[in-house]
There are 2 protein chains.
Amino acid sequence: MSSLPASDQRARHGLSDKLLQGDLLSADCPSREVLKHLTSRWGVLVLLALEQRTYRFLELKRQVGGVSERMLAQTLQWLQNDGLVHRRALEQVPPHVEYSLTPLGREAAVRVRELADWIEHSMPRIMAHWLGGSLPPA
Amino acid sequence: MSSLPASDQRARHGLSDKLLQGDLLSADCPSREVLKHLTSRWGVLVLLALEQRTYRFLELKRQVGGVSERMLAQTLQWLQNDGLVHRRALEQVPPHVEYSLTPLGREAAVRVRELADWIEHSMPRIMAHWLGGSLPPA
DNA sequence: CGGCATCCACAACGATACTG
DNA sequence: CAGTATCGTTGTGGATGCCG
């Protein structure tokens with residue numbers, strides 16, 4: 001059923017083509033949900049980590065500094081539901097679960113990485129503003 | 001003072017070069033602050049809007065569907081402090097304030113737009129996952 | 001018109017404890 | 001190891017009102 005034309009997929013959600021074409025500036029655009037997952041506090045960092053290589057759950061937790069197991073699990077489920085992350089569970093004890101990016105997720109990760117790279121590259125200029133401006137960040 | 005070498009700027013914040021080179025995966029990387037502003041719920045949308053043209057405050061509020069005046073003001077201040085947004089206030093009654101992107105902000109907006117464009121372009125594929133998978137997003 | 005201050009509801013989050 | 005469940009806390013964000 002997922003081989004239906006895109007227009008039919010949209011119709012199933014009761015979404016007009018207009019809403020999809022108009023960008024996410026409109027309040028009820030469904031893209032906002034995906035944007036929320038991608039740009040969530042840990043979503044960005046998870047994508048950056050998984051772009052490097054496949055990780056197991058606790059490996060990923062160690063890799064993404066400061067994340068709790070709860071939030072990591074939730075974030076992974078979001079990205080999994082959006083089709084960006086693939087979960088591979090090896091049936092054995094103790095459990096062994098590997099997370100990796102899907103082709104779709106790799107496409108997203110490229111954009112996220114470009115943003116992240118720009119931020120890191122531009123940090124000196126931005127911090128100069130923190131110093132020059134009136135207030136430190138917060 | 002903002003003409004100091006980048007290494008000196010970092011030193012003023014007590015930041016090692018190591019922290020800046022290691023990407024934002026480490027918990028105490030200062031880039032996380034900027035990432036937070038850029039990828040905040042309204043930060044992304046404000047950048048997308050201001051990339052099109054200069055807006056006045058209430059214009060911008062109308063443009064960014066669903067944002068409250070409180071959050072719009074806060075978001076604009078974050079981006080302003082980071083040197084991404086320029087605020088121009090015309091001294092007159094009633095007040096007239098214009099917001100626009102700085103050159104730095106335009107650079108950031110390009111990356112944000114690429115991510116946004118990818119999301120909108122990929123929505124059909126992502127929604128196919130919502131349908132095929134077990135759970136709707138929520 | 002632009003925006004800050006206050007208040008309040010709710011969602012996000014972290015810590016902990018527990019299970020397959 | 002890889003989660004889920006519960007709980008308490010913090011933070012986010014909307015509504016309202018006031019002031020330049």
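Note on naming: letters A, B, ... go to the chains in the order of the sequence lines (proteins, then strands), and numbering restarts at 1 for each one.
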Visitor: What is the distance from CE of A/Met71 to P of C/dA15, rounded to the nearest Å?
Guide: 12 Å

Visitor: More than 12 heavy atoms of other residues, nucleotides or ligands under 6.0 Å from NE2 of B/His96: yes or no?
Guide: yes

Visitor: OH of A/Tyr99 versus C1' of D/dA2: gap in Å, rounded?
Guide: 7 Å

Visitor: Please determine whether a side-chain nitrogen or oxygen atom of A/Trp42 lies at a distance below 4.0 Å from atom OP1 or OP2 of C/dG14.
Guide: yes

Visitor: Taking 4.0 Å as the cut-off, does a side-chain nitrogen or oxygen of A/Tyr55 come that near to OP1 or OP2 on D/dA2?
Guide: no

Visitor: C/dG2, OP1 or OP2 - any side-chain N/O from B/Arg88 closer than 4.0 Å?
Guide: no

Visitor: Does CZ belonging to B/Arg106 count more than 12 external heavy atoms closer than 6.0 Å?
Guide: yes

Visitor: Considering just the side-chain nitrogens and oxygens of A/Arg56, establish if one lies under 4.0 Å of OP1 or OP2 belonging to D/dA2.
Guide: yes

Visitor: Could you state the atom-to-atom distance from CZ of B/Phe57 to P of D/dG20 in whole Å?
Guide: 18 Å

Visitor: Does OP1 or OP2 of D/dG3 have a side-chain N or O of A/Arg87 closer than 4.0 Å?
Guide: yes

Visitor: Identify which nucleotide among D/dG3, D/dG14, C/dG2 has an atom closest to any side-chain atom of B/Arg41, counting heavy atoms from C-beta outward.
Guide: D/dG14

Visitor: Identify the two heavy atoms, one from A/Leu104 and one from B/Ile126, that lie closest to each other, and give their separation to 0.1 Å.
Guide: CD2-CG1, 3.9 Å

Visitor: Closest approach of B/Gly66 and A/Ala27, non-hydrogen atoms and distance?
Guide: N-CB, 4.1 Å

Visitor: Mind checking A/Gln77 for me? I need base, sugar-phosphate or nothing, with any heavy atom below 4.0 Å counting as a touch.
Guide: sugar-phosphate

Visitor: Return the value, rounded to whole Å, for the distance between atom CG of A/Leu76 and atom C1' of D/dT4.
Guide: 14 Å

Visitor: What nucleotide among D/dC1, C/dG3, D/dG3 has an atom nearest to a side-chain atom of B/Val97?
Guide: C/dG3

Visitor: Just call it for A/Lys61: base, sugar-phosphate, or nothing, with non-hydrogen atoms closer than 4.0 Å on any strand.
Guide: nothing

Visitor: May I have the distance from A/Arg62 (atom CZ) to D/dC1 (atom C1'), rounded to whole angstrom?
Guide: 11 Å

Visitor: Mind checking if B/Glu69 touches a base, just sugar-phosphate, or nothing, with heavy atoms under 4.0 Å?
Guide: base

Visitor: May I have the distance from A/Leu58 (atom CG) to D/dG3 (atom P), rounded to whole angstrom?
Guide: 9 Å

Visitor: Do any N or O atoms from the side chain of B/Arg53 and from the backbone of B/Ser100 form a donor-acceptor pair under 3.5 angstrom?
Guide: no

Visitor: To the nearest Å, how far apart are A/Gln92 CD and D/dG3 P?
Guide: 13 Å

Visitor: Whole Å only: how far is the NE2 atom of B/His96 from the C1' atom of D/dG20?
Guide: 17 Å

Visitor: Are A/Val110 and A/Leu47 joined in one hydrophobic group, where the rule is that I, L, V, M, F, W and Y side chains link up if heavy atoms are under 4.5 Å apart?
Guide: no

Visitor: Closest-nucleotide mapping onto DNA chain C: is A/Pro94 or A/Ser68 further toward the 5' terminus? I mean the 5' end.
Guide: A/Ser68

Visitor: Does D/dT12 have OP1 or OP2 sitting under 4.0 Å from an N or O in the side chain of A/Lys36?
Guide: no

Visitor: So which nucleotide from D/dG14, D/dG3, C/dG3 ends up closest to the side chain of B/Arg70?
Guide: D/dG14

